[in-house]
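Notes follow the structure.
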There are 2 protein chains.
Amino acid sequence: MKKSELISKRSLEDQAADLLREAIINGELPPGMRLVEMTLAKEYGLSRGTIRIVLHQLGAEGLVTQVPYAGWSVVEMNDQDLWELYTLRATLEGLAARLAAEKITEEGVSELQSAYQELLELCEGDDLHAITRGDLALHKTIIALSNHKRLAQQYRMVENQFLSYIAAANRTFDPHLVGRSHEALVAAICAGEGKRAEKEAIKNITGFEELQGMKAKPLLA
Amino acid sequence: MKKSELISKRSLEDQAADLLREAIINGELPPGMRLVEMTLAKEYGLSRGTIRIVLHQLGAEGLVTQVPYAGWSVVEMNDQDLWELYTLRATLEGLAARLAAEKITEEGVSELQSAYQELLELCEGDDLHAITRGDLALHKTIIALSNHKRLAQQYRMVENQFLSYIAAANRTFDPHLVGRSHEALVAAICAGEGKRAEKEAIKNITGFEELQGMKAKPLLA
DNA sequence: GATTGTAGATTGGCCAACAATCGTACCAAA
DNA sequence: TTTGGTACGATTGTTGGCCAATCTACAATC
């Protein structure tokens with residue numbers, strides 16, 4: 001543990017960005033909600049300039065949109081947006097799974113296995129939000145194992161937009177489907193089979209896609 | 001053509017961001033170059049606050065980095081970064097090619113063909129920079145045909161980082177390889193064969209990857 | 001040589017002000 | 001009823017100045 005991480009030295013900009021991002025992802029600030037610079041500034045006890053930078057930041061992340069001189073608002077998503085998020089997420093996660101499998105280590109295997117075990121245990125219970133978090137944790141582990149900073153960043157962006165939709169629609173994952181459906185994926189990565197891992201990762205997400213009743217063509221032929 | 005695009009009403013922030021981005025991509029501002037807020041402000045005739053937002057913007061795009069209280073600088077890339085850009089670009093372009101093929105129209109075919117023809121003609125000459133631009137235009141056409149805003153945005157980010165490296169290394173594409181190598185890709189898309197288009201797109205980029213003498217494992221098995 | 005000031009440069013963040021623009025409500029004319 | 005204008009309030013766009021926090025490099029000290 002690095003000492004430097006214990007001393008909170010993050011800029012107010014970053015901290016405020018985290019809070020605002022979290023609020024959007026949690027659904028506290030629902031899609032379409034208007035965000036006024038001055039109001040946020042007072043709310044967070046910061047100046048308008050600082051908030052301004054934060055909003056531009058979140059704009060780049062695709063969480064808020066701005067109409068010139070009119071104002072900021074939390075993004076609203078339509079079917080096209082949902083489709084974009086699904087296809088992108090599946091593709092990025094496919095790449096991550098492939099890379100993770102290709103460079104898997106013993107340590108990586110145990111990390112992955114423990115994340116998977118934890119998810120399975122959570123699926124025994126009925127705390128849907130906990131299951132959702134467990135599922136995300138597993139996926140995040142795979143992304144981390146791919147050791148690809150840009151991939152991780154882009155995946156995070158997609159995931160955040162996805163989460164903001166989920167929260168607004170008040171959806172959770174189906175616990176029966178979540179648990180076992182990752183078995184093949186985890187196995188493929190641990191076995192170091194990149195090609196298969198990629199396929200399984202994409203199948204996982206496109207499978208969920210159909211669950212949502214979307215009309216999109218599955219990415220896996 | 002939208003009228004709104006004809007009326008120049010863009011904010012100074014956006015215009016400045018474009019200029020600065022272009023300067024980095026062109027290599028005018030080489031990797032590692034220090035960027036001082038006050039200096040840029042005077043240079044562009046803007047206030048420090050405006051420049052500040054622009055720098056944060058470009059930071060989110062991965063073109064500049066900031067060390068707290070120390071300053072901004074144009075990103076420098078190492079082998080890991082190059083590898084990340086290649087893998088990500090290949091994957092994104094693979095998805096784009098697949099989607100473009102799946103929803104190709106007659107109009108799309110002619111757009112693609114004309115971009116391809118133009119590239120071929122440019123390859124007859126010896127203006128390397130023009131060939132490079134033609135190549136980028138073809139790829140951009142494919143991205144546009146996929147009709148996927150988020151994919152386009154992420155591809156643009158990757159491409160910009162890639163270009164900033166290219167400019168710094170003073171590289172151009174090999175005209176002999178560029179021209180014909182896209183034939184199969186264009187054909188697959190026009191034929192509406194998504195799976196094949198995806199494969200060809202990835203092959204194209206990973207082929208170039210090996211050209212650069214990189215040790216990365218090709219994405220196509 | 002290693003450590004410890006110290007000074008200058010630069011960012012971090014705040015504030016107040018004004019300009020530009022948008023949205024709306026309202027009024028007038030056809 | 002519809003169209004057009006206009007006045008107004010709200011909000012963003014942009015500026016300039018200000019001071020604190022921090023980094024960097026270099027000098028001074030042991």
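Every chain is numbered from 1, with letters handed out A, B, ... down the list of sequences. Since the structure is predicted, the reported quantities are computational estimates derived from the model, not experimental observations.
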Rounding to a whole Å, what distance do you find between B/M38:CE and D/dC19:C1'? 14 Å
Any base atoms under 4.0 Å from B/I53, or only sugar-phosphate, or nothing? Heavy atoms, all strands. nothing
Does B/A137 have any side-chain contact (heavy atoms from CB on, under 4.5 Å) partners at least two apart in sequence or in another chain, and if so, which? none
Classify every nucleotide of nucleotides 12-19 of chain C by which part a protein heavy atom approaches to under 4.0 Å, writing B for the base, S for the sugar-phosphate alone and - for neither, in 5'-to-3' order. BBB--B--
In a table with atom names and distances, give each donor-acceptor pair under 3.5 Å that connects a side chain of residues 148-156 of chain A to protein atoms at least two apart or in another chain.
| unit_1 | atom_1 | unit_2 | atom_2 | d |
| --- | --- | --- | --- | --- |
| A/H148 | ND1 | A/L151 | N | 2.9 |
| A/H148 | NE2 | B/E84 | O | 3.3 |
| A/H148 | NE2 | B/T87 | OG1 | 2.8 |
| A/R150 | NE | B/Q161 | OE1 | 2.7 |
| A/R150 | NH1 | B/D81 | OD1 | 2.9 |
| A/R150 | NH1 | B/E84 | OE1 | 2.9 |
| A/R150 | NH2 | B/Q161 | OE1 | 3.0 |
| A/Y155 | OH | A/R89 | NE | 3.3 |
| A/Y155 | OH | A/E93 | OE1 | 2.7 |

Pair listing, salt bridge (charged side-chain N to carboxylate O under 4.0 Å, His left out) test, anchored in residues 55-76 of chain B, at least two apart: B/R21-B/E61
Not counting sequence neighbours, which residues clear side chain to side chain donor-acceptor pair (under 3.5 Å) with A/T141? List them please. none
If you look only at distance, which donor and acceptor atoms sit under 3.5 Å apart when one is on a side chain in residues 62-75 of chain B and the other is two or more places apart or in another chain?
| unit_1 | atom_1 | unit_2 | atom_2 | d |
| --- | --- | --- | --- | --- |
| B/W72 | NE1 | B/E37 | OE2 | 3.1 |

